[in-house]
Protein chains: 2
Amino acid sequence: MFRGSLDTIILKMLNNNSEMYGYEISQEVKKLSDGAFEIKEGALYPALHRLEAKGLLETESRSIGNRIRKYYRLSPKGNKESKTQISEMQEFLQQMNSFLKLKPS
Amino acid sequence: MFRGSLDTIILKMLNNNSEMYGYEISQEVKKLSDGAFEIKEGALYPALHRLEAKGLLETESRSIGNRIRKYYRLSPKGNKESKTQISEMQEFLQQMNSFLKLKPS
DNA sequence: TAAATATACATAAAATTCTTAGGTATATAA
DNA sequence: TTATATACCTAAGAATTTTATGTATATTTA
């Protein structure tokens, strides 16, 4: 995938869905992007832990049958930060798009 | 800046201009992006050396007064690779744009 | 004219993020 | 019953970036 966008992708998912667990995020992102974005577990879980450590995510572990799922949701700070990061990413997409369309002078 | 896009930016610049030196690339990128993309020297020079090591760039050092400028241009391989990377980046921009516009289901 | 800024290259340490590879365990499908 | 899917995790290494520093010449400003 393209480096540096994982946090924004996670925050976007949790902005759209009140709560999700890690595995669910990876599956949904893959599905919603038609397979374009594949989040590796070795990137996903450390990212979730980082975002939690920054106070952007809150967690709740829940038993489903004999399994444990760790649900994540945006904290108030995370809710704000998700909007910021989504906007900044969209701005970047625009800038990069313009840049790549530049013709030789 | 946003991670992972530096190589593409450099290749784009050298695709548009037959030859450029490092400092010129950083100044032009800043100017063309209205200040949005600022390439730090500590990222730029290692990136140029990497791209050269991969065989994508060719260099020629030239004396300008008492100074030396190291001019870079795309190798045939680099010319091909620049088009590939630009296309892939544009595809990513589209995918990310669509993804960020998704509404809650 | 002296000092500050711009030009022009470079590297090294540390930080960040990602891939690869492994580990554990339950549930379901073949 | 074996393979795949679900569900979490971490650690080593790779790759890229920031920060900091170094060197030196040229130009602008005070």
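Letters go in sequence order (proteins before strands), and every chain restarts at 1. Heavy atoms only: backbone and side chains are in, while hydrogens, waters and symmetry mates are out. Everything quoted here is computed from the prediction, not taken from an experiment.
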Sub-4.5 Å side-chain heavy-atom contact between M96(B) and F2(A):
no

Identify whether any heavy atom of G42(A) sits under 4.0 Å from a base atom; if not, whether one sits that close to sugar-phosphate; answer base, sugar-phosphate or nothing.
base

Could you tell me whether the phosphate oxygens of dA20(D), OP1 or OP2, come under 4.0 Å of any side-chain nitrogen or oxygen in K40(B)?
no

In whole angstroms, how far is the P atom of dA7(D) from the CD atom of E19(A)?
14 Å

Are any of Y21(A)'s side-chain N or O atoms less than 4.0 Å away from OP1 or OP2 of dA7(D)?
yes

Separation of E38(A) atom CD from dC18(C) atom C1', in whole Å?
15 Å

Flag the pair Q95(A) / F37(B) as yes when at least one side-chain heavy-atom distance between them is below 4.5 Å, and no otherwise.
yes

If you count heavy atoms of other groups shown closer than 6.0 angstrom to CG of L102(B), is the number above 12?
yes

Using a 4.0 Å heavy-atom cut-off, does R69(B) contact any base of the nucleic acid, only the sugar-phosphate backbone, or nothing at all?
sugar-phosphate

Closest to the 5' end of DNA chain C, once F2(A) and G65(A) are matched to their nearest nucleotides, is F2(A)

Measuring to OP1 and OP2 of dT11(C), would you say a side-chain N or O of Y45(B) lies under 4.0 angstrom away?
no

dT10(D) phosphate, OP1 or OP2: any side-chain N/O from H49(A) under 4.0 angstrom?
yes

Can we say E60(B) and K70(B) salt-bridge, meaning some charged N sits less than 4.0 Å from an Asp/Glu carboxylate O?
no

Step by step, would you call Q85(A) with T8(A) a side-chain hydrogen bond (donor to acceptor under 3.5 Å, both in side chains)?
CA-CA 6 Å; Q85(A) 285 208 25; T8(A) 307; 3.1 Å; yes

5' priority, DNA chain D, between L6(B) and A43(A) [closest heavy atom]:
A43(A)

With heavy atoms under 4.0 Å as the rule, sort I64(B) into base, sugar-phosphate or nothing.
nothing

Separation of dA27(C) C1' from Y23(A) OH (nearest whole Å):
11 Å

In whole angstroms, how far is the P atom of dA7(D) from the CZ atom of R67(A)?
5 Å

Between P on dT17(C) and CG on L44(A), what's the gap in Å once rounded to a whole number?
14 Å

Protein-nucleotide distance (Y72(A), atom OH; dA7(D), atom P), rounded to Å
14 Å

When you check the phosphate oxygens OP1 and OP2 of dT16(D), does a side-chain N or O of R50(B) lie under 4.0 Å from one of them?
yes

Output the single nucleotide from dT25(D), dT26(C), dC9(D) whose closest atom is nearest the side chain of N66(A).
dT26(C)

Give one of base, sugar-phosphate or nothing for E24(A), where a contact means two heavy atoms less than 4.0 Å apart.
nothing

Comparing S5(A) with E41(A), nearest DNA chain C nucleotide closer to 5' gives the residue S5(A)

Starting at atom CG of D7(A), determine the distance to atom P of dT17(D), rounded to an integer number of angstrom.
16 Å

Rounding to a whole Å, what distance do you find between I68(A):CD1 and dT24(C):C1'?
12 Å

Could you go step by step and tell me if Q94(B) and Q90(B) meet the side-chain hydrogen bond (donor to acceptor under 3.5 Å, both in side chains) rule?
CA-CA 6 Å; Q94(B) 277 306 309; Q90(B) 285 174 326; over 6 Å; no

Can you tell me whether the side chain of R3(B) and the base of dT17(D) have a donor-acceptor pair closer than 3.5 Å?
no

